[in-house]
Amino acid sequence: MIQLFIELTNQIYWVGYAQELAKSNPMLFQFEFNEFLNSYNN
């Protein structure tokens with residue numbers, strides 16, 4: 001699922017967005033990833 005999240009954010013924002021966010025703001029990255037997971041699990 002993490003790969004799908006990375007691919008989605010690459011399409012929505014820019015290539016490397018998820019990786020940059022994970023380094024610069026890990027808590028926000030985790031929040032956005034959890035929101036992504038929740039949207040597909042419900």
Looking at every heavy atom in both Phe36 and Met1, which two are closest together, and how far apart are they? CE2-O, 3.6 Å

Applying the 4.5 Å side-chain criterion to the ILVMFWY set and letting contacts propagate, would Val15 and Ile6 be lumped into a single cluster? no

Between Ala18 and Thr9, what is the shortest heavy-atom contact and its length? CB-OG1, 3.4 Å

Set of ring pair (Phe, Tyr, Trp, His ring centres under 6.0 Å) partners for Tyr13, sequence neighbours left out: Tyr17

With sequence neighbours left out, write down each residue that passes side-chain hydrogen bond (donor to acceptor under 3.5 Å, both in side chains) with Gln19, or none if nothing qualifies. none

Tell me which one of Ile12, Leu4, Asn10 satisfies side chain to side chain contact (heavy atoms under 4.5 Å, CB included) with Leu8. Ile12

Taking only distance into account, with no hydrogens and no angle test, what donor-acceptor pairs under 3.5 Å do side-chain atoms of residues 21-30 form with protein atoms, sequence neighbours excluded?
from  : atom 1 : to    : atom 2 : distance (Å)
Ser24 : OG     : Glu20 : O      : 3.0
Asn25 : OD1    : Leu28 : N      : 3.3
Gln30 : NE2    : Asn34 : OD1    : 3.1

Sorted by chain and residue number, the ring pair (Phe, Tyr, Trp, His ring centres under 6.0 Å) partners of Phe33 (sequence neighbours excluded) come out as Phe5

